[in-house]
Amino acid sequence: MNYVIIGNSVAAVSAIRGIRNVDPKGNISVISREKHVAYGRPLISYLLGGLVTEKRMAYLPEDFYERNRVNLLLNNEVVGVNTDKKQVKLAGGDTIPYDRLLIATGGDPFVPPIEGLAGKEKVFTFTTWDDANNLKGIAYDIGRVVVIGGGLIGLKAAEGLHLLGKQITIVELADRILSNAFDRPAGRIVAKKMKANGIDVITEDTVLRIEGEGAEINGVTLKSGDFIPCDTVIVAIGVRPAAGFLKGSKVEVNRGVVVDDRMETRVSGVFAAGDVAEARDFFSGQKNPMPIWPDAYIQGDIAGVVMAGGEKSYKGGVAMNSLELFKVPTISMGISNPVDPKEFEILTYQDLGNYQYRKIIIKGNLLVGAVLVGNVERAGIFAGLIRENMDISPFRGSLLAPDFGIIHLPREIRNALFAPSGKVA
Ligand SMILES: Cc1cc2nc3c(=O)[nH]c(=O)nc-3n(C[C@H](O)[C@H](O)[C@H](O)COP(=O)(O)OP(=O)(O)OC[C@H]3O[C@@H](n4cnc5c(N)ncnc54)[C@H](O)[C@@H]3O)c2cc1C
């Protein structure tokens with residue numbers, strides 16, 4: 001069997017493991033347009049800020065590819081897939097045949113058309129090791145930075161640049177930062193902490209024009225008319241599934257590559273996993289890319305096992321976002337911003353002065369979501385209760401307690417969450 005995997009990040013790595021668990025013999029080729037072995041993408045802000053060295057970026061044992069007998073083709077971009085001939089085409093013109101294909105290409109940063117952007121030298125996106133290195137390489141030449149977008153990636157970029165001592169302004173279109181992943185109080189707490197550390201946060205506004213002569217930037221003009229002086233711009237509006245190379249192929253792409261619960265596309269033998277795939281939401285059943293690391297790992301594993309002839313299926317993804325800025329850890333999971341709050345019971349505790357906040361979202365007797373700011377030590381328990389659909393009625397009253405933990409859980413729930421073998425925890 002000839003397996004080809006496009007992409008070499010977390011979904012690809014778990015797919016390699018999944019394949020090898022079932023098929024120790026088949027040929028595996030992995031094609032990546034990046035020049036690095038698999039690395040911790042969430043670490044790029046620490047790489048930029050100097051908290052992590054290049055050596056620490058790769059997280060696999062050095063002999064991972066060799067031990068799994070993977071033919072690794074780095075620095076190679078796939079530009080087309082022909083599902084009739086079962087071939088992928090590389091940018092250099094070569095074709096590679098496959099019996100089973102996995103698309104694990106993640107997301108591409110989205111850069112909207114902004115007046116004045118074309119030809120400007122110091123405009124960056126921030127999703128790869130090389131993006132961090134490029135910024136680091138010209139750090140001596142960066143004074144003031146405008147980050148367009150106050151989502152997770154924008155804040156991570158701001159964090160890295162702040163560690164380098166740069167002056168930063170974040171410009172966010174919504175009425176608060178982190179509006180997708182977190183709720184209003186959590187966004188406010190994070191914004192407060194950022195401001196306290198000298199990072200300007202402007203909301204309900206956007207960059208209309210990048211100003212400056214030739215390749216130089218001297219500032220940005222906002223929709224409100226305000227002018228923010230800067231010499232560097234980071235565009236962090238969001239990512240889109242990296243599926244452009246599938247244009248003209250029979251693989252269906254909607255908000256992401258359309259897959260079933262076995263991660264197979266509608267073309268037999270072609271699979272997709274990770275940020276590029278349209279995964280099923282655990283609660284709503286709606287299909288959307290679930291752009292988080294743990295889910296990419298789960299999906300890649302399922303795809304690998306199924307590609308090799310085994311059976312596994314996706315239970316649906318639980319959204320989970322975490323961020324630690326200026327020593328304030330923040331995690332949201334599940335349904336954190338219910339559209340119709342009347343259907344839910346919402347419990348909150350807050351001590352904004354000390355950057356502490358906890359929100360618990362309950363539907364019936366089930367925990368369906370949580371937002372934790374400041375104290376996130378019990379996040380694993382909350383996630384387990386959500387994923388395993390545990391009846392929380394016996395300890396409902398303790399969920400908000402600052403010391404809520406395993407001790408509050410009845411023995412059978414403890415066992416179900418932490419000792420699936422049946423042993424008492
Ligand atoms: C700055 C930042 C911080 C993050 N922080 C967190 C966090 O704290 N927690 C969390 O859960 N998630 C976080 N994420 C998201 C997480 O990194 C992603 O969910 C995860 O990396 C997705 O893995 P993947 O394997 O699907 O794809 P990716 O990691 O996106 O990798 C896809 C790979 O495929 C390659 N590729 C794409 N197209 C082609 C092509 N045509 N030919 C060849 N190769 C191709 C890409 O270059 C890339 O190397 C963060 C992301 C970023 C950018």
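Atoms within each ligand, like the ligands themselves, are counted from 1 in listed order.
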Novice: Please confirm whether Ala11 comes within less than 3.5 Å of ligand 1 when only nitrogen or oxygen atoms on both sides are compared.
Specialist: yes
Novice: Using a heavy-atom cut-off of under 4.0 Å, does the side chain or the backbone of Ser9 touch ligand 1, or both, or neither?
Specialist: both
Novice: Distance-only criterion, 3.5 Å: show the donor-acceptor pairs between side-chain atoms of residues 137-148 and protein atoms not counting sequence neighbours.
Specialist:
residue	atom	partner	partner atom	Å
Arg144	NE	Pro229	O	3.4

Novice: What pairs of residues pass the ring-ring contact (aromatic ring centres under 6.0 Å, His included) test when at least one of them lies in residues 58-103, not counting sequence neighbours?
Specialist: Tyr59-Trp293
Novice: Looking only at protein heavy atoms, which one is nearest to atom 27 (O) of ligand 1, and what is the separation?
Specialist: Gly106 CA, 3.3 Å
Novice: If we set the cut-off at 4.0 Å for heavy atoms, which region of Trp293 has an atom near ligand 1: side chain, backbone, both, or neither?
Specialist: both
Novice: What residue and atom, counting heavy atoms only, is the protein's closest point to atom 17 (O) of ligand 1, and at what distance?
Specialist: Arg41 CB, 3.6 Å
Novice: For ligand 1, which atoms, with element, lie under 4.0 Å from some heavy atom of Ala296?
Specialist: 22 (C), 23 (O), 26 (O)
Novice: Give yes or no for whether the N/O distance cutoff of 3.5 Å, strictly under, is met between Arg33 and ligand 1.
Specialist: yes
Novice: What's the shortest distance from atom 39 (C) of ligand 1 to any protein heavy atom, and which residue and atom give it?
Specialist: Thr105 CG2, 3.6 Å
Novice: Hydrogens and angles aside, do Glu278 and Asn254 bring a side-chain donor and acceptor to less than 3.5 Å of each other?
Specialist: yes
Novice: Check the angle between the aromatic planes of His408 and Phe404 and answer parallel, tilted or perpendicular using the 30° and 60° thresholds.
Specialist: parallel
